[in-house]
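Computed from a predicted model, the values in this text were never measured in an experiment. Below, read A as the first sequence line, B as the second, and so on, with proteins coming before strands; counting in each chain starts at 1.
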There are 2 protein chains.
Amino acid sequence: MAGFKGLDFDAANCPVRDVLDHLAGKWTTLLLIMLAERPHRFGELRRGLPDISQRMLTQSLRDLQRDGLVSRHVHPTVPPSVEYRLTALGGSLLEPLAALITWAADNHATIRSAREAFEQATAA
Amino acid sequence: MAGFKGLDFDAANCPVRDVLDHLAGKWTTLLLIMLAERPHRFGELRRGLPDISQRMLTQSLRDLQRDGLVSRHVHPTVPPSVEYRLTALGGSLLEPLAALITWAADNHATIRSAREAFEQATAA
DNA sequence: CTGGATCCAAAATGATACTG
DNA sequence: CAGTATCATTTTGGATCCAG
């Protein structure tokens with residue numbers, strides 16, 4: 001249950017960090033989940049995430065595109081429309097990600113109560 | 001492969017964010033992994049993560065303790081020694097986390113080359 | 001409609017010095 | 001040994017204006 005021994009966790013050149021940094025951002029995970037359902041246009045994504053600024057939306061999408069998790073398809077219409085979709089690589093990330101999300105959903109209540117208990121204990 | 005429909009991803013009160021925020025931090029994941037092997041003392045953890053500041057080590061450990069993923073055991077010796085260990089809850093997180101780490105290790109090379117290709121394409 | 005550019009506020013992290 | 005406190009710095013995110 002803890003076969004981490006063989007992996008490289010050197011903080012500098014860490015394979016894991018490249019992935020975790022995506023989940024770290026406030027929005028990338030949500031974007032991956034939205035795109036898991038189906039491809040979306042820029043405006044759809046913005047409306048789906050009501051409190052994202054368009055700056056962060058652009059930036060998050062570029063980060064995902066940069067690492068090959070999401071592809072960008074421009075339709076040369078007027079006005080222009082751009083569609084984002086998961087790549088095969090991005091799709092393959094969904095499975096381990098789903099496991100994590102399931103764990104989070106299952107243990108959310110436990111974490112919440114642990115947190116409250118901790119606050120109480122340290123409030124003194 | 002994408003059964004996310006039923007889950008709550010409201011950015012504000014999102015169960016998932018409580019978990020992801022831990023993995024987001026620069027250090028918490030590494031700490032979980034170290035503690036997965038065996039309990040560690042404060043100084044051991046610091047030596048194991050050469051470039052962590054003791055400020056961040058303390059803070060990260062407190063965050064993990066706060067959410068019930070790690071427990072803190074003080075041995076009233078002189079000088080004092082404090083041992084950190086994974087709780088059952090923390091241990092249960094390791095499995096989905098391991099899946100993610102495995103994915104990261106498997107696809108690291110692909111991500112790296114996608115990144116380089118992207119840099120090249122946008123360098124023009 | 002899509003998104004680049006700029007400016008600014010806030011949060012995260014690091015460096016250093018000090019304490020029980 | 002295991003922290004706490006403070007300050008400086010870096011990083012991140014948001015608001016706004018502009019352009020193809």
Side-chain angles (χ1 to χ4, degrees), chain A residues 11-12 14 17-18 20-31 34-35 39-67 70-85 118 121-124, chain B residues 11-12 14 17-31 34-35 39-67 70-85 118-119 121-124:
Chain A
C14 180
R17 293 236 61 86
D18 286 341
L20 259 30
D21 284 346
H22 285 302
L23 311 184
K26 216 169 171 179
W27 308 109
T28 41
T29 305
L30 286 309
L31 286 174
M34 286 191 69
L35 293 175
H40 281 76
R41 291 185 48 186
F42 187 88
E44 290 180 317
L45 293 169
R46 183 171 42 190
R47 281 188 296 279
L49 274 38
D51 45 354
I52 193 175
S53 65
Q54 135 267 57
R55 182 197 194 284
M56 288 314 296
L57 178 54
T58 300
Q59 180 178 306
S60 303
L61 285 170
R62 271 185 66 101
D63 286 348
L64 291 170
Q65 187 194 353
R66 189 180 92 124
D67 283 10
V70 161
S71 59
R72 182 174 180 271
H73 306 270
V74 182
H75 301 286
T77 59
V78 176
S81 101
V82 180
E83 187 183 69
Y84 293 89
R85 65 178 60 184
F118 186 79
T122 55
Chain B
C14 181
R17 290 237 63 86
D18 285 341
V19 175
L20 258 31
D21 284 346
H22 284 303
L23 311 183
K26 216 170 172 178
W27 307 110
T28 41
T29 304
L30 287 308
L31 286 174
M34 285 191 70
L35 293 176
H40 280 76
R41 292 183 50 184
F42 186 89
E44 288 180 317
L45 293 169
R46 182 172 42 191
R47 282 189 294 280
L49 272 41
D51 45 354
I52 195 176
S53 63
Q54 111 279 52
R55 181 198 193 294
M56 288 313 296
L57 178 54
T58 299
Q59 181 177 306
S60 302
L61 286 170
R62 272 185 64 100
D63 286 348
L64 290 170
Q65 187 195 352
R66 189 181 90 123
D67 282 10
V70 161
S71 59
R72 181 174 180 271
H73 305 270
V74 181
H75 301 286
T77 57
V78 177
S81 102
V82 179
E83 187 185 70
Y84 293 89
R85 63 178 62 183
F118 185 80
E119 308 289 7
T122 55

Which parts of nucleotides 9-20 of chain D does protein reach within less than 4.0 Å, heavy atoms only, written one letter per nucleotide 5' to 3' as B for base, S for sugar-phosphate only and - for none?
----BBBBB--B

Output yes when a side-chain donor or acceptor of S60(B) lies under 3.5 Å from a complementary backbone atom of L57(B), and no otherwise.
no

Would you mind reading off the distance between F42(B) atom CZ and dA2(D) atom C1', rounded to a whole angstrom?
6 Å

Applying a 4.0 Å non-hydrogen cut-off, can you work out what R46(B) is touching in the nucleic acid: base, sugar-phosphate, or nothing?
nothing

Take the C1' atoms of the five end pairs on each side of the helix from dC1(C)-dG20(D) to dG20(C)-dC1(D), derive the two axes, and give their angle rounded to 10 degrees.
40°

To the nearest 0.5 Å, what is the distance between CG on D21(B) and NZ on K26(A)?
9.5 Å

In whole Å, what is the span from the CD atom of Q65(B) to the P atom of dA2(D)?
15 Å

If you round to the nearest 0.5 Å, how far is CZ of R41(B) from NE2 of H73(B)?
14.0 Å

Separation of dA15(C) atom P from L57(B) atom CG, nearest Å, is 14 Å

So, do L30(A) and R17(B) sit near enough that their side-chain heavy atoms are less than 4.5 Å apart?
yes

Distance from R62(B) atom CZ to T122(A) atom OG1, nearest 0.5 Å?
6.0 Å

Under the side chain to side chain donor-acceptor pair (under 3.5 Å) test, residues paired with R55(A) that sit two or more places apart:
Q59(A)

With a 4.0 Å limit, can you tell me whether R72(B) has a side-chain N or O closer than that to the phosphate oxygens OP1/OP2 of dG3(D)?
yes

Gap between atoms CG and P, on L31(B) and dT13(C) respectively (whole Å):
12 Å

Using the side-chain heavy atoms of T58(A), tell me which of these nucleotides is nearest: dG4(C), dT4(D), dA2(D).
dG4(C)

Atom-pair distance (CZ on R62(B); P on dT4(D)), nearest Å
6 Å

Separation of D63(B) atom CG from dG3(D) atom P, in whole Å?
14 Å

For R72(A), what residues pass the side chain to side chain donor-acceptor pair (under 3.5 Å) criterion, not counting sequence neighbours?
Y84(A)

Taking H40(A) as the fixed residue, which of V82(A), L31(A), L45(A) is the one that meets the side chain to side chain contact (heavy atoms under 4.5 Å, CB included) rule?
L45(A)

Sequence neighbours excluded, every pair satisfying salt bridge (Lys or Arg N to Asp or Glu O under 4.0 Å) that has a member inside residues 75-85 of chain B:
E83(B)-R85(B)

Counting only side-chain nitrogens and oxygens, does Y84(B) get under 4.0 Å of the OP1 or OP2 atom of dG3(D)?
yes

In whole angstroms, how far is the C1' atom of dA12(C) from the CG atom of D21(A)?
13 Å

